[in-house]
Amino acid sequence: QVQLVESGGGLVQPGGSLRLSCAASGGIFSLYTMDWYRQASGNERELVATITGGGMTNYVDSVKGRFTISRDNVINRVYLQMNNLQPGDTAVYYCKIRGTSYWGKGTLVTVSS
């Protein structure tokens with residue numbers, strides 16, 4: 001059974017950085033396209049960044065130039081490096097395997113002074 005566990009969230013001041021991690025177990029991780037989503041209070045879940053098994057990436061416009069998605073297929077992890085964080089980035093961040101119903105439970109990122 002596939003499991004996804006996110007970590008790395010927390011409280012950060014505007015302009016600060018955080019690195020989220022998603023640990024995957026089960027399945028053949030290197031074959032998966034992985035997504036990072038976020039959901040702010042009262043909003044729908046939003047796709048933020050994607051990385052294919054081969055390392056191709058894509059980002060929503062609002063995070064381009066600030067966020068970087070990466071992966072390590074040896075230890076079955078996907079990361080989201082978030083720089084220059086702003087209050088609008090406050091949300092619960094989730095990782096997901098594209099094309100499946102496998103989600104993690106999320107990690108909360110709060111950007112506030």
Side-chain angles (χ1 to χ4, degrees):
Q1 182 174 351
V2 175
Q3 287 190 315
L4 301 171
V5 180
E6 302 94 338
S7 61
L11 173 64
V12 63
Q13 293 186 341
S17 298
L18 284 174
R19 188 194 195 203
L20 306 184
S21 177
C22 172
S25 60
I28 305 175
F29 179 77
S30 62
L31 298 180
Y32 299 146
T33 291
M34 299 297 299
D35 296 321
W36 279 102
Y37 282 78
R38 66 185 178 187
Q39 187 168 19
S41 179
N43 290 359
E44 294 187 355
R45 202 165 288 191
E46 172 189 38
L47 177 60
V48 174
T50 299
I51 187 166
T52 67
M56 294 182 65
T57 60
N58 195 41
Y59 302 90
V60 68
D61 285 347
S62 60
V63 308
K64 284 181 180 177
R66 301 189 298 124
F67 290 12
T68 303
I69 189 171
S70 61
R71 67 190 297 157
D72 186 331
N73 288 338
V74 174
I75 60 172
N76 294 355
R77 286 185 181 255
V78 61
Y79 303 99
L80 188 67
Q81 176 67 44
M82 305 186 296
N83 298 329
N84 191 22
L85 283 160
Q86 300 300 317
D89 297 314
T90 295
V92 179
Y93 285 72
Y94 301 88
C95 62
K96 182 182 184 292
I97 300 173
R98 174 72 63 93
T100 76
S101 59
Y102 295 118
W103 292 85
K105 293 184 178 181
T107 185
L108 176 62
V109 172
T110 304
V111 185
S112 175
S113 55

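Judged as a disulfide bond (SG atoms under 2.5 Å apart), not a single pair has a partner in residues 23-64 (not counting sequence neighbours). Sorted by first and then second residue, the disulfide bond (SG atoms under 2.5 Å apart) pairs involving residues 28-94 (not counting sequence neighbours) form an empty list. Within the structure, no pair that satisfies the disulfide bond (SG atoms under 2.5 Å apart) test touches residues 38-83, not counting sequence neighbours. Applying the side-chain hydrogen bond (donor to acceptor under 3.5 Å, both in side chains) rule to pairs touching residues 1-11 yields nothing, sequence neighbours excluded. Applying the disulfide bond (SG atoms under 2.5 Å apart) test to every pair with at least one member in residues 54-87, sequence neighbours left out, gives no pairs at all. Contacts classified as salt bridge (charged side-chain N to carboxylate O under 4.0 Å, His left out) and involving residues 78-88 (residues at least two apart or in different chains) are not found.
Two different hydrophobic clusters hold Val48 and Tyr37 under the rule that ILVMFWY side chains link at heavy-atom gaps under 4.5 Å. Residues Met82 and Tyr59 fall within the same hydrophobic cluster, defined by Ile, Leu, Val, Met, Phe, Trp and Tyr side chains chained together at heavy-atom separations under 4.5 Å. Ile97 is connected to Leu80 through a chain of hydrophobic side-chain contacts under 4.5 Å among Ile, Leu, Val, Met, Phe, Trp and Tyr, so both are in one cluster. In the hydrophobic clustering of this structure, Val60 does not group with Val92; members are Ile, Leu, Val, Met, Phe, Trp, Tyr whose side-chain heavy atoms approach within less than 4.5 Å, directly or through other members.
By the side-chain hydrogen bond (donor to acceptor under 3.5 Å, both in side chains) test, Asp61 is found to be paired with Lys64, residues two or more places apart in sequence or in another chain being considered. Under the side-chain hydrogen bond (donor to acceptor under 3.5 Å, both in side chains) criterion, Asn58 pairs with no residue at all, not counting sequence neighbours. When the side-chain hydrogen bond (donor to acceptor under 3.5 Å, both in side chains) test is applied to Asp89, the partners found at least two apart in sequence or on another chain are Arg38, Arg66.
Here the straight-line distance linking atom OH of Tyr93 with atom CD of Glu46 works out to 8.0 Å at 0.5 Å rounding. The distance from atom CD1 of Ile51 to atom SG of Cys95, rounded to the nearest 0.5 Å, is 13.0 Å.
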Which donor-acceptor pairs under 3.5 Å do the side chains of residues 10-27 make with protein atoms, sequence neighbours left out?
| unit_1 | atom_1 | unit_2 | atom_2 | d |
| --- | --- | --- | --- | --- |
| Ser17 | OG | Asn83 | OD1 | 2.9 |
| Ser21 | OG | Arg77 | NH1 | 2.8 |

Please tabulate, for the side chains in residues 101-113, all donor-acceptor contacts under 3.5 angstrom to protein atoms that are two or more places apart in sequence or on a different chain.
| unit_1 | atom_1 | unit_2 | atom_2 | d |
| --- | --- | --- | --- | --- |
| Thr107 | OG1 | Gly9 | N | 3.0 |

Could you list the donor-acceptor pairs under 3.5 angstrom formed by side chains in residues 28-36, with sequence neighbours left out?
| unit_1 | atom_1 | unit_2 | atom_2 | d |
| --- | --- | --- | --- | --- |
| Tyr32 | OH | Ile28 | N | 3.3 |
| Asp35 | OD1 | Thr50 | OG1 | 2.7 |
| Asp35 | OD1 | Arg98 | NE | 3.3 |
| Asp35 | OD1 | Arg98 | NH2 | 2.9 |
| Asp35 | OD2 | Arg98 | NE | 2.7 |
| Trp36 | NE1 | Tyr79 | O | 3.4 |

